[in-house]
Amino acid sequence: MAGPSDADLAVALGQAADRPVDWYGLGRRPLGRLLIVVVRGQAAFDMISRGRLPAWGAGLTVPGARFVVIRADGGDPFQVLRHELAHVALHQAISGRVPLWFDEGYAVVAAGEWGRLEGLRLNLTVASGEVPGFDALDGALRGGRATAEAAYALAGSAVLALARKNPTQSLGPLLRRLADREPFGDAV
């Protein structure tokens, strides 16, 4: 669903979403039917998100409703789509709650969002001793753009660290425990 000027983009995003993908730690899984809405501009994004997301936001997913919103003017829409679809894949596989930092970190890793800028910000954050705890990281994910970009990189790094701690060097065992409805803290 999109306005006339973004109809071709909406079709291309729908086709991309329909392709089966190997999701990090989850394997290949079809996501099924989704409603993907393409909007342009902050006002349209705020109207759909009811103003609950930061101004720098480029996507929104309500996994249980199978609803995804992509801002056509919010960066690479296909990269944003991959991030948002990672949320759908994760929540399709596990029904329990996970911390925001894990949810966003998983989407960062599964979408392959490891550009140089994020790596540089992550290195500068760590070097300056500003590594937040997990509760603070949740808050930083909803902060200003610069703070949030570093927080997304840190959340992704934390998810990768969880995978490295497993003897299989994989996130799969943790995700299977979560799929079996084990509480997050116990599963970790």
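Small disclaimer: the values here were computed from a predicted structure and weren't measured.
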Pairs flagged by salt bridge (charged side-chain N to carboxylate O under 4.0 Å, His left out) wherever residues 101-111 is involved - sequence neighbours left out: E104-R142
Is there a side-chain contact between L26 and Q92 (heavy atoms, below 4.5 Å)? no
Hey, could you give me the CG/CZ distance between L85 and R19, rounded to the nearest 0.5 Å? 11.0 Å
With sequence neighbours left out, the residues meeting salt bridge (charged side-chain N to carboxylate O under 4.0 Å, His left out) with D8 are none
Going by side chain to side chain contact (heavy atoms under 4.5 Å, CB included), name the residues that satisfy it together with A43, two or more places apart in sequence or in a different chain. none
Can you list the residues that meet the side chain to side chain contact (heavy atoms under 4.5 Å, CB included) rule with L160, with sequence neighbours excluded? Y24, V109, W114, R164
In terms of heavy-atom contacts, A158 and W101 come closest through CB-CZ3, 3.7 Å
Honestly curious: do I48 and L35 fall in one hydrophobic cluster under the side-chain, below-4.5 Å linking rule? yes
Considering all heavy atoms of both residues, which atom of A72 and which atom of V38 are nearest to each other, and what is their separation? CB-CG1, 3.8 Å
Applying ring-ring contact (aromatic ring centres under 6.0 Å, His included), can you list everything that pairs with H91, at least two apart in sequence or on another chain? none
Can you name the residues that form a salt bridge (charged side-chain N to carboxylate O under 4.0 Å, His left out) with R28, not counting sequence neighbours? D22
Tabulate below the donor-acceptor pairs under 3.5 Å that side-chain atoms of residues 178-188 make, not counting sequence neighbours, or state none.
unit_1, atom_1, unit_2, atom_2, d
R181, NE, S95, OG, 3.4
R181, NH2, S95, OG, 3.1
E182, OE1, R177, NE, 3.1
E182, OE2, R177, NE, 3.3
E182, OE2, R177, NH2, 2.6

With sequence neighbours left out, write down each residue that passes side chain to side chain contact (heavy atoms under 4.5 Å, CB included) with R71, or none if nothing qualifies. V39, Q42, F45, D73
Enumerate, atom names and distances included, each donor-acceptor pair closer than 3.5 Å involving a side-chain atom of residues 9-18, sequence neighbours excluded.
none

Can you run down the side chain to side chain donor-acceptor pair (under 3.5 Å) pairs that involve residues 29-41, sequence neighbours left out, and say none if there aren't any? D6-R40
Less than 4.5 Å apart, any side-chain heavy atom of I94 and any of Y106? no
Note, L175 side chain near L90 side chain (heavy atom, < 4.5 Å): yes
Just how far is it from atom CG of L171 to atom CZ of R176, taken to the nearest 0.5 Å? 9.5 Å
Quick one: does L162's side chain get under 4.5 Å of L174's, heavy atoms only? yes
Closest approach of G74 and A58, non-hydrogen atoms and distance? O-CB, 2.9 Å
Output all residues satisfying salt bridge (charged side-chain N to carboxylate O under 4.0 Å, His left out) with E84, sequence neighbours left out; order by chain, then residue number. none
When rounded to the nearest 0.5 Å, the distance separating CD1 of I70 from CZ of F78 is 10.0 Å
Set of residues satisfying side chain to side chain contact (heavy atoms under 4.5 Å, CB included) with respect to T168, sequence neighbours excluded: N166, S170, P173
